[in-house]
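Heads up: the structure comes next, in structure tokens.
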Amino acid sequence: DFLTPLGKRRIDGYVTDITTDLALDWLEKGRDPDKPFLLMCQHKAPHRSWMPGPEELGLYRDVSIPEPATLFDDYAGRGPALKRQQMEIDRHMSLFYDLKLVPDEEQGKPLKGINRWWESPLKRMTPQQRQVWDAAYASENAAFREARRQGKLPAGSKALLRWKYQRYIKNYLRCVAGVDKSVGRMLDWLDEHPKIKANTLVIYSSDQGFYLGEHGWFDKRWMFEESLRMPFVLSWPGRIAGGKERQQLAQNIDFGPTFLDLAGIRISDQMQGISLVPLLEGRAPGSWRDAIYYHYYESHAVHMVPAHYGVRTQRYKLIHYYEPENQYWELYDLEQDPQEMTSLAGNPAYADIETRLRQRLTELRQQYADDTGDLGNGAFPIMAGIASVKTLPEGWLVRANAWGGYLLQPLTSPITAQATLRCRIRSPREQASGHQAKREGYVLIAGNRPRQDLLRAGIDFAKREILIYGPNLRKPLARAPLDIDPTDEITLTLHIDMARHQLRATAKDQSITASLPPRWKNIRYTGYGASDTTTRFSQIQQLH
């Protein structure tokens with residue numbers, strides 16, 4: 001499915017091939033041949049759930065891909081957050097959706113989580129496509145089932161992890177082989193048009209690195225090398241000398257300034273990156289950056305990677321985990337420990353290095369005007385998906401960098417009978433983000449298990465509704481239209497009736513009701529929530 005100016009368009013075939021077909025068609029027929037052009041041909045196939053094209057399904061069938069040295073990492077020697085993630089091939093990669101096994105009738109009944117969707121992409125195939133797909137995995141799947149029946153691949157065993165790794169890495173590499181083939185088609189087109197090739201810069205890059213079994217993981221997010229490093233390969237015959245590798249530190253914030261510089265356009269002072277043109281020309285300015293800054297915000301979301309920020313120099317890396325449940329530092333000597341297996345934070349032998357890195361980190365945070373990370377000065381011991389919390393005279397300014405971000409604080413006295421909570425929510429400000437801003441603000445309540453049993457009651461300013469959400473943010477427990485202006489400031493009142501086990505939310509004379517979770521005996525936490533926005537809240541008042 002392709003989104004076009006005329007709406008969604010479905011094209012039959014394999015997406016990598018089709019994307020390249022469309023790009024080549026535009027080069028031939030869609031562009032103005034008398035004007036310069038920028039073409040971005042971007043591929044999704046190496047993304048989960050790693051579905052190879054029909055021409056690549058047979059690749060690597062009879063070979064064993066070497067395992068990374070850290071496949072069986074036990075996360076010792078580093079902070080506790082590494083053990084709390086949910087991105088291990090062993091424990092978190094699904095057999096049916098991710099690894100292409102087919103559940104038998106007995107297995108198919110209780111499927112949970114992402115495994116429930118195992119057949120959704122397959123139903124999009126034509127009968128002929130589905131036949132080719134099923135045949136490609138049939139014998140391996142049968143061999144797996146037989147090995148499990150014989151007890152050779154027990155759950156949690158190294159043997160099972162090794163099987164999962166081989167299935168994952170081969171599908172991933174098959175997807176990449178399809179992309180490589182498409183890149184070759186694009187380069188072939190340039191070879192066939194030598195005048196255009198002589199004046200065309202070709203760049204091959206990605207949006208991040210990816211774990212291919214290192215530390216036992218798949219996915220990305222962490223500041224560790226496998227996901228921090230990303231490919232950046234350039235070709236411009238006659239303008240850039242080939243066969244060269246630059247060791248200077250570069251970042252994707254440098255892309256924009258580089259393109260503008262090459263096009264002869266002034267680089268805006270507001271841009272944070274640096275033009276890479278001097279490096280491409282073989283010059284290395286003495287003032288080139290000595291360190292890069294990284295910040296990951298989206299905590300307690302997909303894969304449960306904690307929020308953290310850090311600095312990386314040519315040799316060292318310092319990471320700060322700053323959430324209430326993860327407050328510690330990690331330091332790595334990349335020359336002595338390239339796989340980042342042992343943190344040196346607090347090691348007396350590295351005390352001077354750690355002090356200098358902390359100072360450099362402070363300087364970079366000031367340089368990029370990143371004041372996130374203090375998170376309300378400890379006022380909220382439980383939070384997720386929150387980038388910043390600033391104290392206001394009348395309340396809090398909360399910036400959420402994830403869908404359903406929240407922060408909670410314990411009540412001084414738990415609510416065990418009836419009570420009323422009141423708070424004002426000012427219309428949230430949209431953020432420039434990779435996601436569409438939801439423009440929602442919520443007051444939250446929770447029982448003894450706050451992460452599992454949250455109830456959110458609040459305002460959707462975009463849809464002009466009052467809503468109550470349970471743990472499932474995709475389906476409200478209750479909702480009703482609300483006559484509001486998108487810039488309004490709304491007083492939200494929550495009436496909690498423990499006897500009836502109900503929550504009533506009221507705003508501008510509109511009320512909705514939802515049941516409290518059955519296990520709740522009291523209300524122990526309150527807080528605020530938002531989605532991809534900055535929202536202003538007044539203090540919550542507890543009115544008995």
Side-chain angles (χ1 to χ4, degrees), residues 68-70 73-85 87 206 208-212 214-217 219-232 245-254 272-274 276 278-279 284-297 299 305-323 326-374:
T70 58
D73 193 347
D74 63 1
Y75 314 116
R78 288 145 293 172
L82 272 70
K83 295 182 179 181
R84 299 172 183 159
Q85 42 65 35
M87 50 188 281
S206 178
Q208 75 273 312
F210 209 76
Y211 294 97
L212 302 177
E214 297 88 358
H215 305 293
W217 291 341
D219 205 68
K220 48 209 174 191
R221 303 167 201 274
W222 299 88
M223 197 182 171
F224 297 117
E225 289 293 281
E226 291 84 4
S227 54
L228 182 67
R229 296 172 67 97
M230 46 196 284
F232 191 60
E245 183 175 331
R246 304 291 181 229
Q247 295 297 326
Q248 287 79 13
L249 296 167
Q251 294 180 272
N252 52 8
I253 57 173
D254 300 333
Q272 295 175 324
I274 310 169
L276 300 173
L279 302 187
S287 60
W288 196 260
R289 67 164 63 94
D290 64 345
I292 61 170
Y293 177 66
Y294 178 84
H295 196 155
Y296 177 75
Y297 300 96
S299 173
V305 175
H308 59 283
Y309 57 76
V311 57
R312 186 203 189 278
T313 66
Q314 288 285 4
R315 177 169 175 174
Y316 299 104
K317 182 183 298 180
L318 181 70
I319 305 174
H320 184 210
Y321 299 89
Y322 58 82
E323 294 177 290
N326 291 310
Q327 291 196 7
Y328 62 91
W329 296 80
E330 290 178 341
L331 170 64
Y332 297 99
D333 183 338
L334 300 175
E335 185 177 289
Q336 300 296 321
D337 181 19
Q339 295 172 335
E340 299 166 294
M341 299 295 286
T342 303
S343 172
L344 300 168
N347 186 324
Y350 285 81
D352 290 344
I353 293 170
E354 184 171 350
T355 297
R356 292 199 300 270
L357 287 171
R358 288 200 188 202
Q359 177 59 37
R360 193 71 186 94
L361 181 57
T362 298
E363 293 167 356
L364 288 171
R365 283 172 58 77
Q366 292 172 348
Q367 175 182 333
Y368 296 121
D370 186 0
D371 59 357
T372 60
D374 59 356

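Computed from heavy atoms alone, side chains included, the values below leave out hydrogens, waters and symmetry copies. Predicted model only: the values in this text are computed from it and were never measured. When a residue number appears, it is its place in the shown sequence, counting from 1.
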| field | Q367-E363 side chain donor-acceptor pair, cut-off 3.5 Å | value |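 There is no such pair (donor and acceptor under 3.5 Å, judged by atom type) between the side chains of Q367 and E363.
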| query | So, D370 versus Y309: side-chain donor-acceptor pair below 3.5 Å or not? | reply |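 Result is no, nothing qualifies.
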What are the two closest non-hydrogen atoms of [X] and [Y], and how far apart are they?
X	Y	result
G216	Y75	CA-OH, 4.5 Å
Y328	P80	CE2-CD, 3.4 Å
F210	E214	O-OE1, 4.3 Å

Looking at residues at least two apart in the chain, or sitting in another chain, which of them share a side chain to side chain contact (heavy atoms under 4.5 Å, CB included) with [X]?
X	answer
P285	P278, L279, S287, W288
E225	L228, R229, R312, K317, L334, E340
S343	R78, E330, Y332, A345

Separation between [atom1] of [X] and [atom2] of [Y], rounded to the nearest 0.5 Å:
X	Y	atom1	atom2	value
K220	M87	NZ	CE	9.5 Å
Q314	I292	CD	CD1	9.5 Å
Y350	L331	OH	CG	8.0 Å
L249	D290	CG	CG	8.0 Å
L357	T313	CG	OG1	6.0 Å
I319	L361	CD1	CG	10.5 Å

Heavy atoms, side chains only, cut-off 4.5 Å: are [X] and [Y] in contact?
X	Y	answer
D73	Q339	no
H295	R365	yes
Y368	I253	yes
L82	Y321	yes

For [Y], does its backbone N or O pair with a side-chain atom of [X] as donor and acceptor, under 3.5 Å?
X	Y	answer
S227	W222	yes
E354	D352	no
D254	G273	no

| field | All ring pair (Phe, Tyr, Trp, His ring centres under 6.0 Å) counterparts of Y211, not counting sequence neighbours | value |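 Here the qualifying residues are W217.
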| request: Just jot down the ring pair (Phe, Tyr, Trp, His ring centres under 6.0 Å) partners of Y316, sequence neighbours excluded, or say none. | output: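 Listed in chain order: nothing, the list is empty.
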| Would M341 and H215 count as a side-chain contact (heavy atoms from CB on, under 4.5 Å) if you check the C-alpha gap in whole Å, the side-chain angles of each, and the deciding distance to 0.1 Å? | CA-CA 9 Å; M341 299 295 286; H215 305 293; 3.9 Å; yes
| said: Let's go through R246 and L276 carefully: what are the C-alpha distance in whole Å and the side-chain angles of both, what is the deciding distance for side-chain contact (heavy atoms from CB on, under 4.5 Å) to 0.1 Å, and is it a yes or a no? | reply: CA-CA 10 Å; R246 304 291 181 229; L276 300 173; over 6 Å; no
| request: Would you please name every residue forming a side chain to side chain donor-acceptor pair (under 3.5 Å) with Q251, sequence neighbours left out? | output: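 Applying side chain to side chain donor-acceptor pair (under 3.5 Å) to Q251 gives none.
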